[in-house]
Q: 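The structure's right below; bear with me while I get my questions together.
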Amino acid sequence: MWQFFHKLGSPKWFFGIANRFMPWLLAGGLILLVAGLVWGLAFAPKDYLQGNSYRIIFIHVPSAFLAQSIYIMMASAAVVTLVWRMKLADVFVKSVAPVGLMFTFLALFTGAVWGKPTWGTWWVWDARLTSMLILLFLYGGVIALDRSINDEKSAARAVAVLVLVGVVNIPIIKYSVNWWNTLHQPATFKLTEKPAMAMEMWVPLLLSVLGLYLLFGWLACLRMKTEILVRERRTRWVKDLVLAGRK
Amino acid sequence: MHPIRKKRLTILIFLVAGLAVAVGLTTYALRQNINLFYDPTEIAAGNAPVDVRIRAGGMVEEGSVKRDPESLSVRFRVTNFTDSVPVEYVGILPDLFAEGQGVVAMGRLNNDGLFVADQVLAKHDENYMPPEVADALEKSSKGQHKPPYADKTAESQAY
């Protein structure tokens, strides 16, 4: 088990694995996401109360899921960076932080667009919305901190500590709607219990969530490969790879 | 595992656990400020300040909405099925505002116990269903169907 774990730390080995998985991630992700979105946006029945405006859930919920999951993945990678000093873990954090930022922004934006007709306001300082805004700032902070330190190793450690400190925010986001009075409703899409929505709405939502996860996997591999090439540009195997590509 | 790594891991676990406790205690201490609104029981018990801008949240009581035919003024009662608070509002209500729906009203409580709102937001619950299902549910359990939101307000009395 430990051998496999240490192998994961080798950028060259990861490069090969990523190349093998990426087409499957891309194809699977696109199929699921397109199926989920077309089904959800065009064919799922409308809601008894909100009519068609509820359909933004098919974008809002998957983005919010990803925004939080990416942060949890980054925190796990940060532990690996700090304890095992594995370069690849830092490459992961660096590569996916902007992706997480984008999904957090998308979740906040779609939520605001939905909130205006449903609640009657774009924004309210309730616990869910505020903690999600903090997540956006955390992602921004991670990116900024990384850019501001030139030395690769110290940047990796500083970023890892910041990511770990911020992970406390994740349970707050998740349980804010249960712990406090909020304007945001409790979770509709649940994996552990019976969902609070009709099956013909839940299945397309599940497809979009899964599809977006796969697409994120693809994007993470792509960005990590780029980052690895930049970092390892002086090594033998990267030079060989580039020379082989030229032929 | 290498002893140095074990040590680093222990430090990290303590760091995150300590942080979680600190944040947990802080948010617990500030829970009244984090709560977006007062529920009707708190207002009825006199826990809400008078003539300060606050929010009141709950369900719009069935049969309590009275609109003034001359103006945009509307009066209704916000309830959590144990206590209720009269609310007065002048303005356009959100689309989802209806009797039996959740609302959060922002405004001031006056000395007579009337809540004068300057903004009314609709609160949506987590249930989504097609119109036919909603109709069927309405027919089969008329009167018994209590929105899940009602249980939550009852729960929040606990502290």
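Each chain gets a letter, A, B and so on, in the order the sequences are listed, and its residues count up from 1.
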Q: Quick check on the structure: residues of residues 89-97 of chain B within a heavy-atom distance below 4.5 Å of chain A, by number.
A: B:Pro94, B:Asp95, B:Leu96
Q: Heavy-atom count around B:Arg5 CZ within 6.0 Å, excluding the residue itself: above 12?
A: yes
Q: Which bit of B:Leu9 comes within less than 4.5 Å of chain A, counting heavy atoms only: side chain, backbone, both or neither?
A: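 For B:Leu9, heavy atoms of backbone and side chain both lie under 4.5 Å from chain A.
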Q: Give the interface residues of residues 17-26 of chain B toward chain A, defined by a heavy-atom separation under 4.5 Å.
A: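 Hits under 4.5 Å: B:Leu19, B:Ala20, B:Val23.
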Q: Need one label for A:Val165: side chain, backbone, both or neither, based on atoms under 4.5 Å from any heavy atom in chain B.
A: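 Answer is both: backbone and side chain atoms of A:Val165 are under 4.5 Å from chain B.
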Q: Could you check if a side-chain atom of B:Gln101 sits within less than 4.5 angstrom of a side-chain atom of A:Leu49, using non-hydrogen atoms only?
A: yes
Q: Is any side-chain heavy atom of A:Asp47 closer than 4.5 Å to a side-chain heavy atom of B:His124?
A: yes
Q: Please round to the nearest 0.5 Å and tell me the distance separating atom CH2 of A:Trp84 and atom CZ of B:Arg8.
A: 10.0 Å
Q: Please name the pair of heavy atoms, one in B:Tyr128 and one in A:Gln185, separated by the smallest distance, quoted to 0.1 Å.
A: OH-NE2, 3.2 Å
Q: Chain B heavy atoms under 4.5 Å from A:Trp125: which part of the residue, side chain, backbone, both or neither?
A: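 The backbone, not the side chain.
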Q: Pick one of side chain, backbone, both or neither for A:Ala187, based on which atoms fall under 4.5 Å of a heavy atom in chain B.
A: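 It is the backbone, since no side chain atom gets that close.
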Q: Decide yes or no for A:Trp180 and B:Thr27: does some side-chain heavy atom of the first lie under 4.5 Å from some side-chain heavy atom of the second?
A: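 They are in contact (side-chain heavy atoms under 4.5 Å apart), so the answer is yes.
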Q: Tell me, for A:Val168 versus chain B, whether the close heavy atoms (under 4.5 Å) come from the side chain, the backbone, both or neither.
A: side chain
Q: Are any non-hydrogen side-chain atoms of A:Asn181 and B:Arg55 less than 4.5 angstrom apart?
A: no
Q: Closest approach of A:Thr118 and B:Ala122, non-hydrogen atoms and distance?
A: O-CB, 3.3 Å
Q: For chain B, which candidate among A:Leu82, A:Val167, A:Thr130 shows the most heavy-atom pairs at distances under 4.5 Å?
A: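 When all of A:Leu82, A:Val167, A:Thr130 are compared, A:Leu82 has the most.
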